[in-house]
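Written out below as structure tokens is the structure these notes cover.
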Amino acid sequence: MQHADVRVDTFNLAHTFESAQPITFFGEFDRQGNSVDYVSSGMQIRVTQRSKGPITIEAPDVKRAIADFRARFRLSDDMRHIYRQISTDAFMGEAVRKYRGLRLTVNDPWETTVVFILSQFNNIKRIHLITNRMVASFGEVSEHGVKAFPTPDALSRATIRELNACGMGFRSKYLKATAKACVDSLDLNRYRRSSYASVKEMLMELPGIGDKVADCIALMGYGKLEAFPIDTWVKRTLERLYFNGKGTSIKRLHESVSEKWGDMQGYAQLYLYHHGRIDGYEA
DNA sequence: ACCCAGGCGGGCG
DNA sequence: CGCCCGCATGGG
């Protein structure tokens, strides 16, 4: 096992791993050791961040792990610029101050699609539970001896009964159908360089993917920062902050946040969601 | 014993 | 378009 130190500006490992993004579904955050273990690039990677000093990376191939780390946590994003753009009021200013260093993550489009199909009408703990059981049941062992995420082929060949054994419930039919579409004709990776609008349009044609899930996949699977997922928390927070607590349609909310945060909506959503969820500002 | 969870699809006016 | 409903399941 090799290790190396990395200097990173404006990055908070704990906040990022407590933000319920796809990568955090496969990593264990240890508050005592200030470290996380996660699987990426087919290997187990351990990242440690103490209050002072550099970040330490441990992995079988540390050079590759560092490159993976920098990409996965969007460490080239200019956070000063982003914070300037999304600190549009007191609430957002407080969110940015409180969760400074919270980063969006870059995840595989297929993995992100699966996780967010499973997320609908569900809670975060149970999404972890189902995902872990699914990986254990349908993931193949990779080169470094860790379980890989199940392929579209594996999930399309699984029976509804087998998928339900993971606890997916009514979501299993959506997942199986989407997996089959990815086997038959759809190449999710072909849309990496497509526009936000066309990525979202493509995603919303898949079963089990509506407005909110499509935006989650566009944001965290395709890195489209114009995406702004609106779940019940975010909806209530937006209505309370900007619409006098009045019920407002998703369409109207999208128009509003688009005007407010433009091409950095995705980061605005991350901070707004996290701040609202952790601190209960939606109530 | 309830109640709810990072919504979506289908049916309706 | 907007609104309403049912939905599988595990943890609080």
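Residues N107(A) and T112(A) have side chains that never bring a donor and an acceptor to within less than 3.5 angstrom of each other.
Each of P207(A) and Q21(A) has a nearest nucleotide on DNA chain B; the 5'-most of these lies closest to Q21(A). Each of F116(A) and M204(A) was matched to the nucleotide of DNA chain B holding its nearest heavy atom; the match closer to the 5' end belongs to F116(A).
The separation between K173(A) atom NZ and dT9(C) atom C1' is 13 Å, rounded to whole Å. The separation between I127(A) atom CD1 and dA8(C) atom P is 17 Å, rounded to whole Å. Put simply, CG on N122(A) is 9 Å from C1' on dA8(C), counting in whole angstrom units. The nearest whole Å value for the distance from the CD atom in E255(A) to the C1' atom in dC1(C) is 13 Å. Atom CD1 in I130(A) sits about 7 Å away from atom C1' in dT9(C), given to the nearest Å.
The same atom, P, is picked in dG12(C) and in dG6(B); the two are 13 Å apart, to the nearest Å. Between the P atoms of dG11(B) and dA8(C), the separation comes to 15 Å (whole Å).
With hydrogens and angles disregarded, a donor-acceptor distance shorter than 3.5 Å links the side chain of R171(A) to the backbone of M168(A).
The side-chain tip of K260(A) does not point at the ring of F228(A) from less than 6.0 angstrom away and within 45° of straight on.
Taking the six-membered ring where tryptophan is involved, the planes of F11(A) and F69(A) are perpendicular, since the angle between them exceeds 60° and thus also 30°.
Among the atoms of the strands shown, only primed sugar atoms or phosphate atoms (P, OP1, OP2) are found under 4.0 Å from some heavy atom of Y174(A). Among the heavy atoms of the strands, none lies under 4.0 Å from I117(A). Residue S19(A) is classed as a base contact, given a heavy-atom separation below 4.0 Å to a base.
Atom OG in S142(A) sits 10.5 Å away from atom CE in M43(A) (nearest 0.5 Å).
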Decide yes or no on side-chain contact (heavy atoms from CB on, under 4.5 Å) for N34(A) and Q49(A), but give the supporting numbers first.
CA-CA 6 Å; N34(A) 296 307; Q49(A) 180 179 41; 5.6 Å; no
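We find that R64(A) and D68(A) are not joined by a salt bridge, their nearest charged nitrogen and carboxylate oxygen being 4.0 Å or further apart. Residues E226(A) and K200(A) are not paired through a salt bridge, judged by the lack of any N-O separation under 4.0 Å between the basic side chain and the carboxylate. R84(A) and D78(A) are not joined by a salt bridge, as no carboxylate oxygen comes within less than 4.0 angstrom of a charged side-chain nitrogen.
On the nucleic acid side, DNA chain B contacts chain A at distances under 4.0 Å to non-hydrogen atoms, with the end points of that region at dA5(B) to dG9(B).
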For nucleotides 10-12 of chain C, list the nitrogen or oxygen atoms of the protein found under 3.5 Å from its nitrogen or oxygen atoms, one pair per line.
none

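Nucleotide dC4(C) forms a pair with dG10(B), judged by Watson-Crick or G-U wobble geometry with both contacts under 3.5 Å.
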